[in-house]
4 protein chains.
Amino acid sequence: MSVTIRPIEKKDKEVWLHLWAGPGGYLEFYKSKLPEAVSNNTFERFFDESEPVWCGVAVDDKTGKVIGFATYLSHRTTWAIEDYVYLNDLFVSADCRLHGVGRKLIEYVYAEADKLGACRVYWHTQFENHRAQMLYTKVGFKSGFLTYQRPNSK
Amino acid sequence: MSVTIRPIEKKDKEVWLHLWAGPGGYLEFYKSKLPEAVSNNTFERFFDESEPVWCGVAVDDKTGKVIGFATYLSHRTTWAIEDYVYLNDLFVSADCRLHGVGRKLIEYVYAEADKLGACRVYWHTQFENHRAQMLYTKVGFKSGFLTYQRPNSK
Amino acid sequence: MSVTIRPIEKKDKEVWLHLWAGPGGYLEFYKSKLPEAVSNNTFERFFDESEPVWCGVAVDDKTGKVIGFATYLSHRTTWAIEDYVYLNDLFVSADCRLHGVGRKLIEYVYAEADKLGACRVYWHTQFENHRAQMLYTKVGFKSGFLTYQRPNSK
Amino acid sequence: MSVTIRPIEKKDKEVWLHLWAGPGGYLEFYKSKLPEAVSNNTFERFFDESEPVWCGVAVDDKTGKVIGFATYLSHRTTWAIEDYVYLNDLFVSADCRLHGVGRKLIEYVYAEADKLGACRVYWHTQFENHRAQMLYTKVGFKSGFLTYQRPNSK
């Protein structure tokens, strides 16, 4: 499967929203829903130069169709002068998996993080997501940290 | 032990650097060192209004001494319009532990996050840090996510 | 706190049942109950020479009271000619904790396992049991294995 | 792939030893070696009626070749009158994976455990073995327990 990763464009809104929030999509995997206003706001931020929030999409070279995406953002850290890049969301359409698309999206984020001068790229995954971790152990490593959260937060 | 949590002040630099990078301090716990320029830069950011990086310190009411700190920062998320607050570092001097100081520092960060309008507070901890997790399970919950990282990053 | 560990005796039945199944006891910690027939059967096995099931109790030298116990059993393994010893249950009365009693019970099981010619001693603990793991990391190590179980089994 | 699971037979010794200890085999996966005397002893125990140690093998119906195995044993528990069955080892030849052979071997052990009157079947897996856990979450569940071990034991 030949795939190109490129920055998201405004014309991708419909297909991105479909992959993000549609049936069989990213949010559904997490048994989650988000208000439309949040999804729209996030999409707008990808194109707002004052916002450190970006999105790369995977395009099937044969069909020209967007089949996956990676969103990422940068933020401060107390441990470095440079920013960290957080890979917030990664998704590949179910019928296009096992063809290295996820890996290409992560490598794209690595390259973009280098351009941004970030000194770290990191992401979170659920303990139980073994399918994802089979990829993650190839392109990254488990840092040995887990996440705690304030109760009753969104 | 009666303790007050307040925002760090410029006069706290020496004691903060000691707790942060000195013997028996925070970085030592992580078997880490940081260039002085990073520590200084982080300290400066606490007072820079354009930087979303803050620090609260715990002061022993009896002695007036700074005995602990929590650093935190806010950043975007694709899942909400509001920011998340990340509790980056938490430390209480070894001889002042088991008196609820860590808990008070976390609760201070919760209150500051509310003022900032953040919709989530989260932090990371090492799998093996059972002492810390005995506290964290009281004031927060394990989200079920673990952290992966790009290799060879700082 | 001065404590002696010795093999359980028949006269200990009442106090053992209390620590095992009574209020504030071992089974309660696991939010579990067992039929009386099971507890009685387990107790009988401690004294049955044909059964590879044993129990050591911790006695407070000052009061003569039984304040904790460790049960253990041996079983085959495909990885060695010698047996493994499994530390099945470990309990110290809540008001006697933090005095090294748990550690002494584990060390007793180690010594008994040596007498039995066992080539390994191992046990299970819940991910979330941070208090226990603060001890376990001192006397043992996390093997990197977790436990799966057939659904709907007891 | 059509596969039959049956108890191991004496004539299977050579192929079992190959899958168990040969190149690309089970022990190699764990970066382990065992003395020949241990492997031979384990093999003998499968046929010794006084030993609670068994082995089922997977036979490719087309070629008649043994392509995988599951060893299991029963042992006492303090939590029940009946025994537990421990699935000690599970292996499918690399070129025969992703055809449901592992699942059939586990289901065979479940059925044998029922015949033995065991009230639980359980096994261990490494945190990092995501491939295996993709199967295990389908036929079993993570109990929430992890394994600690005495240092310097075999």
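Here is how names work: the chains are called A, B, and so on, in the same order as the sequence lines, proteins then strands, and each is numbered from 1.
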Trainee: More than 12 foreign heavy atoms under 6.0 Å from CZ of D:Arg131: is that the case here?
Mentor: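 Not buried by this count: 12 neighbours or fewer within 6.0 Å.
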Trainee: Do D:Val85 and C:Arg150 come close enough that some side-chain heavy atom pair is under 4.5 Å?
Mentor: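 When only atoms from C-beta onward are counted, C:Arg150 and D:Val85 do not touch, as no gap falls below 4.5 Å.
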Trainee: Picking from C:Thr42, C:Leu146, C:Thr71, which has the most non-hydrogen pairs under 4.5 angstrom with chain D?
Mentor: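 The candidate making the most pairs under 4.5 Å is C:Leu146.
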Trainee: What residue, out of D:Phe46, D:Tyr110, D:Tyr136, D:Tyr72, has the most heavy-atom pairs lying under 4.5 Å from chain C?
Mentor: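 Of the candidates given, the most pairs with chain C belong to D:Tyr110.
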Trainee: Measure the spacing between CD1 of C:Ile81 and CZ of D:Arg45 and express it to the nearest 0.5 Å.
Mentor: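 Rounded to the nearest 0.5 Å, the CD1-CZ separation comes to 7.0 Å.
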Trainee: Is chain C contacted by the side chain of D:Thr125, its backbone, both, or neither, given a heavy-atom distance below 4.5 Å?
Mentor: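 When you check distances to chain C, atoms from both the backbone and side chain of D:Thr125 fall under 4.5 Å.
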Trainee: To the closest 0.5 Å, what do you measure between OH (D:Tyr122) and CD (C:Gln149)?
Mentor: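 Going from OH on D:Tyr122 over to CD on C:Gln149, the span is 10.0 Å.
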Trainee: Minimum heavy-atom separation for C:Pro151 to D:Gly140, with atom names?
Mentor: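 Closest approach of C:Pro151 to D:Gly140: CD-CA, 3.8 Å.
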Trainee: Return yes if some donor-acceptor pair links the side-chain N/O of D:Ser143 with the main-chain N/O of C:Thr147 below 3.5 Å, else return no.
Mentor: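 Answer holds: yes.
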Trainee: Atom OG1 in C:Thr78, atom CZ in D:Phe69: separation rounded to 0.5 Å?
Mentor: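 C:Thr78 atom OG1 to D:Phe69 atom CZ measures 8.0 Å (nearest 0.5 Å).
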Trainee: If you count heavy-atom pairs under 4.5 Å with chain C, which of D:Leu87, D:Val53, D:Asp89, D:Val109 comes out on top?
Mentor: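 Ranked by heavy-atom pairs under 4.5 Å with chain C, first place is D:Asp89.
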Trainee: Report yes if some heavy atom in the side chain of D:Trp79 is under 4.5 Å from a heavy atom in the side chain of C:Val38; otherwise report no.
Mentor: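 Not touching, per the 4.5 Å side-chain cut-off.
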Trainee: What part of C:Thr77 gets closer than 4.5 Å to chain D, counting heavy atoms only: side chain, backbone, both or neither?
Mentor: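 When you check distances to chain D, atoms from both the backbone and side chain of C:Thr77 fall under 4.5 Å.
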Trainee: Any idea how D:His75 and C:Tyr86 line up, ring-wise: parallel (<30°), tilted (30 to 60°), or perpendicular (>60°)?
Mentor: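 Tilted, since the angle between the ring planes falls between 30° and 60°.
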Trainee: Taking non-hydrogen atoms and a cut-off under 4.5 angstrom, which of residues 56-67 of chain D neighbour chain C?
Mentor: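 Contacts with chain C: none.
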Trainee: Can you say whether the rings of D:Tyr148 and C:Trp123 are parallel (under 30°), tilted (30 to 60°) or perpendicular (over 60°)?
Mentor: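 Plane angle under 30°, so parallel.
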Trainee: Describe, in one word, how the ring planes of C:Phe127 and D:Phe127 are oriented to each other, choosing from parallel (under 30°), tilted (30 to 60°) and perpendicular (over 60°).
Mentor: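 Aromatic pair C:Phe127/D:Phe127 classed tilted.
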Trainee: Counting only heavy atoms closer than 4.5 Å, note whether D:Glu128 contacts chain C via side chain, backbone, both or neither.
Mentor: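 No part of it gets close to chain C.
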Trainee: If you count heavy-atom pairs within less than 4.5 Å of chain C, which of D:Leu73, D:Ile106, D:Thr137 leads?
Mentor: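 If we count pairs closer than 4.5 Å to chain C, D:Leu73 comes out on top.
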